[in-house]
Each structure stands twice: as C-alpha cells, then as structure tokens.
Amino acid sequence: QVQLVDSGGGLVQPGGSLTLSCAASGFLSEISAIGWFRQAPGKEREGVSCISSSDGKTYYVDSVKGRFTISRDNAKNTVYLQMNSLKPGDTAVYYCATTRAYCGGSYFPRRNEYDYWGQGTQVTVSS
C-alpha cells in the first residue's frame with residue numbers, strides 16, 4: 001500500500017506560479033515513477049508530467065513544456081510540480097499517482113497503469 005497526499009493548489013492570476021507537492025508514504029519500493037494528472041470540469045483526466053524514481057528522467061505533455069517542471073526530493077519522499085506562466089486553460093484538479101511502469105523521454109504510462117492516487121488539489125487560474 002502507498003499513500004499519497006497532494007497539496008499546493010490555489011487561486012492564481014494568469015502568468016502566475018504555483019508549486020504542487022505530492023508526499024508519498026508506505027511501501028515505496030513498488031514505485032517506478034510518479035505522475036501528475038489534471039482534470040478540468042467536463043473533461044477527461046489527462047496526464048501532465050511524470051518522473052522516474054530510478055533515473056530521474058521526466059516527461060511533459062506538449063501543452064506544459066517550458067512552463068512546468070517536475071522534480072523529486074528522495075529524502076522527503078516528495079515530488080513537486082513547479083508551474084510557471086499559468087494560463088486559464090491550466091485550471092483543473094491536479095492529482096499525483098504512482099506507477100510500476102517506466103516513465104521518461106517520450107513515454108508516459110497510460111492512466112490504467114497507475115496504482116495509487118492522491119486526493120487532488122484544485123488549481124484555478126483567473127483574473
């Protein structure tokens with residue numbers, strides 16, 4: 001079992017920044033990668049970014065490349081998503097999740113390959 005607590009969401013103006021955190025606990029040796037997803041009202045949940053636990057390789061969906069940065073602090077068992085230059089289209093509930101599949105380069109595990117999920121944190125970008 002793995003428990004995830006995601007946090008850091010809030011209301012921010014367009015062009016602003018937020019940093020989301022995903023703190024993991026439990027049987028962490030199962031984890032190959034941690035990913036971030038988001039779900040806007042009326043839309044399907046989409047993958048945003050992921051980071052490999054073994055080699056630190058990352059993946060970003062095209063819409064966030066150059067604006068979002070995923071990182072990890074192994075000592076704290078925490079993964080971060082630094083979000084800059086936020087746009088109204090980034091408004092969504094953001095979820096972190098763990099997977100035993102590989103993540104990195106051009107590969108992002110499918111949604112059904114993720115085992116454990118955080119409760120979600122709301123990000124609202126509005127003036």
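Residue numbers start at 1 and run along the sequence shown. Every value quoted in this text rests on a predicted model; they were computed, and no experiment measured them.
- Contact detail for A33 and A101: the closest heavy-atom pair is CB-O, 4.0 Å.
- Between the T91 side chain and the V125 main chain, a donor and an acceptor come within less than 3.5 Å of each other.
- Side-chain contact between I70 and V79 is present, with heavy atoms from C-beta onward closer than 4.5 Å.
- Between Q39 and E46, the closest side-chain pair of non-hydrogen atoms is not below 4.5 Å.
- Between the side chain of R72 and the backbone N or O of N77 there is no donor-acceptor pair closer than 3.5 Å.
- Side-chain contact between V2 and D115 is absent, with no heavy atoms from C-beta onward closer than 4.5 Å.
- Here ring-ring contact (aromatic ring centres under 6.0 Å, His included) pairs that include residues 33-52, with residues two or more places apart or in two chains, are F37-F108, F37-Y114, F37-W117.
- Listed for the S32 side chain is a donor-acceptor partner under 3.5 Å among the backbone atoms of R100.
- A donor-acceptor pair under 3.5 Å links the side-chain atoms of R67 to the main chain of S85, judged by distance alone.
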Kindly list each side-chain donor-acceptor pair under 3.5 angstrom involving residues 18-30, sequence neighbours excluded, with atom names and distances?
unit_1, atom_1, unit_2, atom_2, d
T19, OG1, Q82, OE1, 2.4
S25, OG, Q3, OE1, 3.4

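- For the pair V64/R38, a side-chain contact is recorded, criterion being any heavy-atom separation below 4.5 Å from C-beta on.
- Salt-bridge check for K65 with D62: passed, with a basic side-chain N closer than 4.0 Å to an acidic carboxylate O.
- At distances below 3.5 Å, not a single donor-acceptor pair connects side-chain atoms of S126 with backbone N or O atoms of T124.
- Of the possible polar contacts, one joining the D6 side chain to the G120 backbone as a donor-acceptor pair under 3.5 Å is found.
- In plain terms, the two heavy atoms of C103 and S52 that are nearest each other are O-CB, 3.5 Å.
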Derivation and outcome, side chain to side chain donor-acceptor pair (under 3.5 Å), residues D73 and T78 | CA-CA 5 Å; D73 184 334; T78 300; over 6 Å; no
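- Among residues at least two apart or in separate chains, there is no ring-ring contact (aromatic ring centres under 6.0 Å, His included) pair with a member in residues 63-106.
- What you find for I34 and C96 is that their closest heavy atoms are CG2-CB, 4.4 Å.
- Side chains of Q119 and L4 form no contact here, defined as non-hydrogen atoms less than 4.5 Å apart.
- Side chain of S49 to main chain of Y60: no donor-acceptor pair is present (N/O by atom type, distance under 3.5 Å, no hydrogens or angles).
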